[in-house]
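Because the structure is a prediction, the values reported are computed rather than measured. Heavy-atom basis, side chains included; hydrogens, waters and symmetry copies ignored.
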Amino acid sequence: MEPRSARQGPSRARRPRASPRRSAQQGSATRSPRSAVQPSSATESRTVLQRAGDVATTSSSDSEEELIPLKELLACSGRSSPAEHGEVACPQPDPLANSLDALLLEKREQCPASAAQASLTQADVDSGSPQESSDEDTQLLEEQRAFLSHFNVKLLTFPTTHPGEPIFHACPLPPPTLDTHRLQPRSVLEQNFLCASPAGQVAFVRDGYLNLLYNTTSACPLPVLRWLFQLTSIWPDRTNAFRTLWEMWMRSDDEPWCPTLQDIGQAFAYMGADLEVLRCRRLLPPELCPMDTRLDPSLSQEQGNLSAADTLALVTQLGDICKLLTVCVVACPCRYPDRARRELVTLLCFLSLDHALCCQPLPDLWHLLHCLLEGIVAWKEQLPALCLSLCQLSQHHHNLLAVARLLPDITDRERELRRRLSLCAMAQLLGRAPCTVLSLGAQEELPALEQLLAQSWPDSLQLPTHPDAMDLEQESCYLSRSLLYLADIVVGAERPQDEQRGHLQRLCTQLEQYFGSGLREDMGQFYRSQLKNLATVLYVKWHELLE
C-alpha cells in the first residue's frame, strides 16, 4: 500500500496554468460552510505547508507542468480578496494576549496625550484662569489633615543616649603666658625665646625651634614644661605643643616631669571645662577645680553648643592630655597617691558626661582610668569614698548609668567597683541612702539587689507629680529601664556560687512578675514594649547563668 501523501500528491500539484487568485478562490469554494465561517490560522498554515511538500515531491516526476513556488503559496494564503471577506472571517486576536509591539504602540499613543495635557495645563496657568477643582481638593486635604491630627498617635520611645551635662563651652580662651622672671638663659637661642613676646614664644614652639633648643642643651626648665602642658590644652592645637612636650618627656635622662593636680586642673580650665558643680558639691579639692573668672554665666547656655569641628578638636586635645597623664601615672606612680588617683577618676568621669562627648569614643580616657584604678594601694579604704563621689556627679539616672558603663571591666577590682557603684546608684535613685549598701560584702550584693529590684518596676516608683500624666508614666518607665541596666551590671556575667543561685532565681522570678505579666503594653506607648523586651533579655541571660 502506498503512502497517502504519495498517492494524493500528484493530483494536487498538477493543474493547468491559472492565476494564483483563481486557484485560491476555487480552493475556498470547496471548503465546508462551517470552516468558511471561522477558519483557523494554524489550519491554513498547515495546509500551505502540506501543499508545498506535495509540490516538492512531484517536481522530479513531471517537469513539463509549471509548479507554484512556496513563496507564492504563502503570499496567497496571506492575501484575501474582497469577495473572501464576505465568506471567510478574519481571526480575532486574543484580548488577554500581550506583546512588545502592543506595549510599544500603547506607549506611543500615550505620549501625545500626555504632551497635550501638559500643554493645556501650562496654558491655563499662563492665562491665569481659576482652578476651582484644585481649590476644592486643597480644602479637602486640609480637612483631612485636621482629622488625622486629631486622632494621630505619636510613637513614644526612650532616648538612645544619655542627656549629658553642660561642661565644655566654645568660648575662645587666650593662650597661657610663660613666667620668665626667674629663668636665666644659657644660650643665645634660649635668650631669644625667653625675651620674645607671647606670640613669638608660641611661634617658637610651632616652628620646632623649642624642641631643637632643649635637644642640644641641658634639660628643659620646669616652668617651660608646665607652660607647654597648659599650651597643650588649647584647642584646636595649632602650636604643635603636645608633640614637643612628648618628645622632651621621652628623651629625659633623669626623673621625668609629671604635672600636679593643680596643673591638671588648670589645663582642663584652659580647655573650657566648667567645674563649678564639683566645687559646690565639694567633690574635688580647690586645686583640682580652679575658678575661671573669665567665664560669663550669661553666655554659658550659648557657649555650651559646640560645632562638629569644635567637638573633634575637643576630643583630640582630651585624648592627648590623657595619653600624657597615662605615661606619667605608669612611669611615676609615687607622684599620684591614692587620694589623688580617686580625685582624678572622679574628674575624668565628670568630663565624659559633656553633651558633645556623649556619642564619642574615648579610648585614651578609658585607658587612663584603668591605670589609675590599678595603682590604688589601699583599695578597700578608697572604694566607698569613690562610689559616693561618682554617685553625685549627676542627678539624672541615665547619666549615672553612663558613668557605670564607662568604668573599665577587666580586673576584679574594676568589676567590684562597677557592681558597688550600680548598687549605690540604684539606692540613691530609689530614695535610699547610698551608704547603706557600701558596707555590704560580696555575698550580700544579690540579696540587696532583690530588695531594690522589687521597687524598680514603674508602678512602684514615686516620682514628683507632673501635670501631664503621659509624661509622668513615660518617665517612670525610663527610670525603670536605667534601674534594670544597673541591676544587670550587679549580676555580671559570671556564674554565681552555689549559695547565690537561690537569690538569682528569685531575681528571675521578679522580672517575670513585675516586668513580664505585670507590665501591660499599649498602642503608641512603644517605651513599654522596649522595657518589656529588656526584661525578657535579662531574664534569658540570668537563666543561662543558672544552667
Side-chain angles (χ1 to χ4, degrees), residues 342 345 349 363 366-388 390-391 397-398 400-430 432 434-457 480-516 531 533-547:
R342 185 193 72 200
V345 170
C349 290
W366 184 87
H367 191 201
L368 177 57
L369 288 175
H370 170 71
C371 296
L372 289 172
L373 293 174
E374 289 302 307
I376 296 179
V377 179
W379 174 249
K380 295 299 182 182
E381 288 77 6
Q382 297 295 331
L383 180 60
L386 181 57
C387 292
L388 289 177
L390 295 178
C391 283
H397 51 87
H398 204 167
L400 295 179
L401 175 61
V403 172
R405 287 176 170 176
L406 176 67
L407 296 175
D409 188 12
I410 302 178
T411 61
D412 293 337
R413 64 168 52 183
E414 292 172 349
R415 286 189 285 269
E416 182 183 4
L417 174 61
R418 286 166 58 94
R419 294 195 307 269
R420 198 58 58 87
L421 175 61
S422 300
L423 281 176
C424 292
M426 291 183 68
Q428 178 178 329
L429 293 173
L430 293 174
R432 301 175 58 179
C435 57
T436 57
V437 296
L438 291 176
S439 59
L440 300 177
Q443 303 297 327
E444 300 174 345
E445 291 179 352
L446 290 184
L449 182 59
E450 290 183 37
Q451 302 177 3
L452 296 175
L453 190 61
Q455 306 174 12
S456 300
W457 63 304
S480 180
R481 171 177 172 268
S482 298
L483 293 173
L484 281 184
Y485 275 121
L486 292 172
D488 183 48
I489 295 177
V490 176
V491 173
E494 298 179 356
R495 297 185 181 275
Q497 300 178 0
D498 295 339
E499 58 272 12
Q500 299 289 323
R501 293 177 61 88
H503 299 293
L504 188 55
Q505 290 177 352
R506 284 189 288 272
L507 288 174
C508 295
T509 304
Q510 288 180 351
L511 284 179
E512 175 63 25
Q513 178 181 359
Y514 298 124
F515 298 94
L531 182 60
N533 293 340
L534 174 61
T536 304
V537 171
L538 296 184
Y539 180 84
V540 174
K541 177 183 176 182
W542 295 354
H543 256 287
E544 289 180 353
L545 298 178
L546 294 173
E547 297 178 356

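The distance from atom CG of Leu423 to atom CD of Gln428, rounded to the nearest 0.5 Å, is 13.0 Å. A distance of 7.0 Å separates NZ in Lys541 from CG in Leu545, rounded to the nearest 0.5 Å. How far CG of Leu511 is from NE2 of His543: 9.0 Å, rounded to the nearest 0.5 Å. Note that CZ of Arg405 is 12.5 Å distant from CG of Leu400, once rounded to the nearest 0.5 Å. If you take CG on Leu386 and CG on Leu372, they are separated by 10.5 Å, rounding to the nearest 0.5 Å. The line from CD of Glu445 to OG of Ser422 is 9.5 Å long, rounded to the nearest 0.5 Å.
For the pair Arg481/His398, a side-chain contact is recorded, criterion being any heavy-atom separation below 4.5 Å from C-beta on. Residues Pro447 and Gln500 form a side-chain contact, since some pair of their non-hydrogen atoms from C-beta on lies under 4.5 Å apart. Contact annotation: the side chain of Leu531 approaches that of Leu484 to within less than 4.5 Å [non-hydrogen atoms, C-beta and beyond]. A 4.5 Å side-chain heavy-atom check between Glu374 and Glu414 finds at least one atom pair inside the cut-off. Contact of the Tyr485 side chain with the Leu534 side chain is registered, since non-hydrogen atoms from C-beta on lie closer than 4.5 Å. Between Arg432 and Leu452 the shortest side-chain heavy-atom distance falls below 4.5 Å. Taking 4.5 Å as the limit, some side-chain heavy atom of Cys349 sits within range of a side-chain heavy atom of Leu407. A heavy-atom distance below 4.5 Å is found between the side chains of Leu430 and Leu483.
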Please evaluate residues His503 and Leu507 with respect to the criterion side chain to side chain contact (heavy atoms under 4.5 Å, CB included), reporting the C-alpha separation (whole Å), side-chain torsions for both, the decisive distance (0.1 Å), and the verdict. CA-CA 6 Å; His503 299 293; Leu507 288 174; 5.6 Å; no
Set out, in order, the CA-CA distance, both residues' side-chain angles and the distance that settles side chain to side chain contact (heavy atoms under 4.5 Å, CB included) for Cys391 and Leu421, then state yes or no. CA-CA 7 Å; Cys391 283; Leu421 175 61; 3.7 Å; yes
Stepwise side chain to side chain contact (heavy atoms under 4.5 Å, CB included) check, Glu444 with Val437: CA-CA 9 Å; Glu444 300 174 345; Val437 296; over 6 Å; no
Test side chain to side chain contact (heavy atoms under 4.5 Å, CB included) on Leu546 and Trp542; report intermediate values, then the result. CA-CA 7 Å; Leu546 294 173; Trp542 295 354; over 6 Å; no
With salt bridge (charged side-chain N to carboxylate O under 4.0 Å, His left out) as the test, would you mind laying out the steps for Arg342 and Glu381 before giving the verdict? CA-CA 11 Å; Arg342 185 193 72 200; Glu381 288 77 6; over 6 Å; no
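Heavy-atom minimum distance, Ile376 versus Arg413: O-NH1, 2.9 Å. When all heavy atoms of Ile410 and Arg415 are compared, the closest pair comes out as O-NH1, 2.9 Å. Closest approach of Pro384 to Leu438, counting heavy atoms only: O-CD1, 3.9 Å. Residues Leu486 and Ala425 come closest through the heavy atom pair CD1-CB, 3.9 Å. Nearest heavy-atom pair across Ala442 and Arg420 is N-NH2, 4.5 Å. Contact between Pro408 and Trp366 at its shortest, heavy atoms only, is CA-NE1, 3.4 Å.
With salt bridges taken as basic N to acidic carboxylate O contacts below 4.0 Å, none links Glu547 and Arg495. Ionic pairing of Asp498 and Arg501 is not present here: no N-O contact between side-chain nitrogen and carboxylate oxygen is shorter than 4.0 angstrom.
For Gln382 (side chain) and Trp379 (main-chain N/O), no donor-acceptor pair under 3.5 Å exists by modelled atom type. Thr509 contributes a side-chain N or O that, together with a main-chain N or O of Gln505, makes up a donor-acceptor pair within less than 3.5 Å.
In the displayed structure, Glu499 atom CD is contacted under 6.0 Å by more than 12 heavy atoms of other residues, nucleotides or ligands.
Between Gln510 and Glu450, the side chains place no donor N or O within less than 3.5 Å of an acceptor N or O (distance only, hydrogens not considered).
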